[in-house]
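Just so we're clear, the structure is a prediction, and the values are computed from it rather than from any experiment. Just follow the structure's listing: the first ligand is 1, and inside any ligand the first atom is 1.
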Amino acid sequence: MRVLVVGAGQMGSGIAQVCAVAGNEVQLNDVTANALAHGCAAIRRNLERSVEKGKISAADSERSFQRITELPSIEGSLQADLAIEAVSESLDLKTRVLQALDAALPPAAILASNTSSLSITVLGAVTKRADRVIGMHFMNPVPLMRLVELVRGIATSQATFAFAKQFAEALGKVAVEINDFPGFASNRILMPMLNEAMFANMEGVGSAEAIDTIMKLGMNHPMGPLELADFIGLDTCLAIMQVLYDGFNDPKYRPCPLLKKMVAAGYLGKKSGRGFYQYS
Ligand code: NAD
């Protein structure tokens with residue numbers, strides 16, 4: 001299968017990696033050469049780590065890496081059976097990327113979005129092939145997490161759904177079907193919890209360390225909510241809360257002001273070196 005991945009950040013690079021390891025030919029694109037090089041370097045590091053852990057042979061790692069080619073632009077004519085967009089969580093940006101893919105790819109190609117919260121129906125409607133648009137919501141880190149939330153837009157065809165399910169399973173993932181509602185199931189449930197932890201921190205209920213330790217030791221969560229928010233990216237968390245808030249018109253989804261302030265300051269979590277914690 002020929003797969004095109006747009007966005008080489010933490011999710012796009014992970015998706016490109018698992019697609020290549022499963023034997024697919026992958027083209028990877030990002031908006032700048034620097035971001036693309038950064039994504040490829042992350043894939044290289046992750047594959048090396050998999051070799052060290054004995055999950056993959058050195059030869060397979062090398063072969064997988066060779067299956068990934070850098071694609072500097074998505075303008076013009078492109079060839080792929082499936083394109084997966086994993087650009088930042090913005091409706092405007094995803095609209096532009098999906099429209100460019102729609103124009104550049106053959107009519108039979110399927111367009112998948114890795115959006116965490118945006119409507120697949122809306123994303124499908126900006127293209128001329130809404131029946132071939134689907135949500136494939138991978139989890140972070142992609143090589144380790146088994147779930148893919150498969151989201152049908154109102155116009156997504158059964159053939160597209162079956163294709164995406166089979167593709168996810170060929171990557172070794174478990175695909176769970178979910179309907180197109182803001183935040184789907186994963187982030188409708190997870191993100192309000194993270195947002196509430198931020199309110200608790202902002203209101204002085206406890207330090208980030210205290211809140212995270214309570215949830216880890218008391219509730220058996222593998223990561224504390226603030227640590228997890230840093231890992232996801234605070235810009236992504238804010239974008240998802242805003243989609244929930246706008247999508248349901250319900251004040252219970254109001255994004256925490258501290259989250260807004262941190263994103264405005266460029267404190268995006270692990271990827272920027274600073275969030276609720278500091279990273280070197
Ligand atoms: P990220 O910030 O790590 O990466 C986003 C990438 O998109 C960046 O490399 C950026 O340069 C690139 N980009 C921006 N504009 C572009 C354009 N016009 N063309 C090509 N590339 C462009 O973010 P991420 O965490 O990888 O998130 C990407 C998507 O995956 C978002 O929709 C997010 O909601 C979703 N997602 C994130 C997580 C998570 O835990 N972070 C989990 C599941 C899904």
Under 4.0 Å between a side-chain nitrogen and a carboxylate oxygen: does that hold for Asp81 and Arg2?
yes
Using heavy atoms and a threshold below 4.0 Å, how should the contact between Phe231 and ligand 1 be classified: side chain, backbone, both, or neither?
neither
What residue pairs, at least two apart or across chains, pass ring-ring contact (aromatic ring centres under 6.0 Å, His included) with a residue in residues 224-254?
Phe248-Tyr253
Looking at Asn140, which atoms of ligand 1 are within less than 4.0 Å of one of its heavy atoms?
39 (C), 40 (O), 41 (N)
Going by the 4.0 angstrom heavy-atom rule, the piece of Lys94 near ligand 1 is side chain
Which protein heavy atom lies closest to atom 41 (N) of ligand 1, and at what distance to 0.1 Å?
Ile232 O, 2.8 Å
Write out the residue and atom name of the closest protein heavy atom to atom 3 (O) of ligand 1, then the distance separating them to 0.1 Å.
Gln10 N, 3.0 Å
Nearest-neighbour protein heavy atom for atom 18 (N) of ligand 1, which is reported as residue plus atom name and distance:
Leu93 CD1, 3.4 Å
Give the atom numbers and elements of ligand 1 that come within less than 4.0 Å of a heavy atom of His137.
43 (C), 44 (C)
Under 4.0 Å between a side-chain nitrogen and a carboxylate oxygen: does that hold for Glu177 and Lys165?
no
Pair Asp235 + Lys271: basic N to acidic O under 4.0 Å
yes
Give every residue pair that meets the salt bridge (Lys or Arg N to Asp or Glu O under 4.0 Å) criterion with at least one member in residues 31-45, sequence neighbours excluded.
Arg44-Glu62
Heavy-atom pair of closest approach, residues Ser116 and Thr236:
OG-CG2, 4.3 Å
Identify, for atom 16 (C) of ligand 1, the protein heavy atom at the shortest distance, and state residue, atom and that distance.
Val31 CB, 3.6 Å
Record the part of Lys271 in heavy-atom contact with ligand 1 below 4.0 Å; permitted values are side chain, backbone, both and neither.
side chain
Under 4.0 Å from one or more heavy atoms of Gly7, ligand 1 contributes atoms 7 (O), 21 (N)
Option set Ser116, Gly39, Cys237, criterion heavy-atom distance to atom 34 (O) of ligand 1, minimum:
Ser116
Please give me the minimum heavy-atom distance between Gly206 and Ile211, naming the atom from each residue.
O-CD1, 3.5 Å
Verify whether one side chain among Ser64 and Ser61 offers a donor that lies under 3.5 Å from an acceptor in the other.
no
In this structure, CD of Glu203 is separated from CG of Asn201 (nearest 0.5 Å) by 10.0 Å
Any heavy atom of Gly233 closer to ligand 1 than 4.0 angstrom?
no
Among Thr236, Leu71, Val87, whose heavy atom sits nearest atom 29 (C) of ligand 1?
Val87
Going by distance alone, is a donor N or O of one side chain under 3.5 Å from an acceptor N or O of the other, for Gln27 and Thr69?
no
Between Asp102 and Arg129, is the closest basic N to carboxylate O distance under 4.0 Å?
yes
Does Val3 belong to the same Ile/Leu/Val/Met/Phe/Trp/Tyr cluster as Val97, with side-chain heavy atoms less than 4.5 Å apart forming each link?
no
Could you tell me whether Glu89 and ligand 1 have an N or O pair separated by under 3.5 Å?
yes
Atom 26 (O) of ligand 1: the protein heavy-atom neighbour that sits closest, reported with distance to 0.1 Å:
Met11 N, 2.9 Å
Give the residue and atom name of whichever protein heavy atom lies nearest to atom 4 (O) of ligand 1, and the separation in Å to one decimal.
Gly9 CA, 3.3 Å
For atom 5 (C) of ligand 1, what's the nearest protein heavy atom and its distance?
Ser88 OG, 3.7 Å
Hydrophobic clustering (ILVMFWY, side-chain heavy atoms < 4.5 Å, transitive) - are Leu28 and Val31 grouped together?
no
Atoms of ligand 1 under 4.0 Å from any heavy atom of Asn29, numbered from 1 in the order shown, are 20 (C)
Below 4.0 Å, non-hydrogen atoms only: which portion of Asp235 touches ligand 1? Side chain, backbone, both or neither.
neither
Atoms in ligand 1 with a heavy atom of Val6 nearer than 4.0 Å
20 (C)
If we set the cut-off at 4.0 Å for heavy atoms, which region of Arg96 has an atom near ligand 1: side chain, backbone, both, or neither?
neither
Who's the nearest protein heavy-atom neighbour of atom 13 (N) of ligand 1, and how far?
Asp30 OD1, 3.7 Å
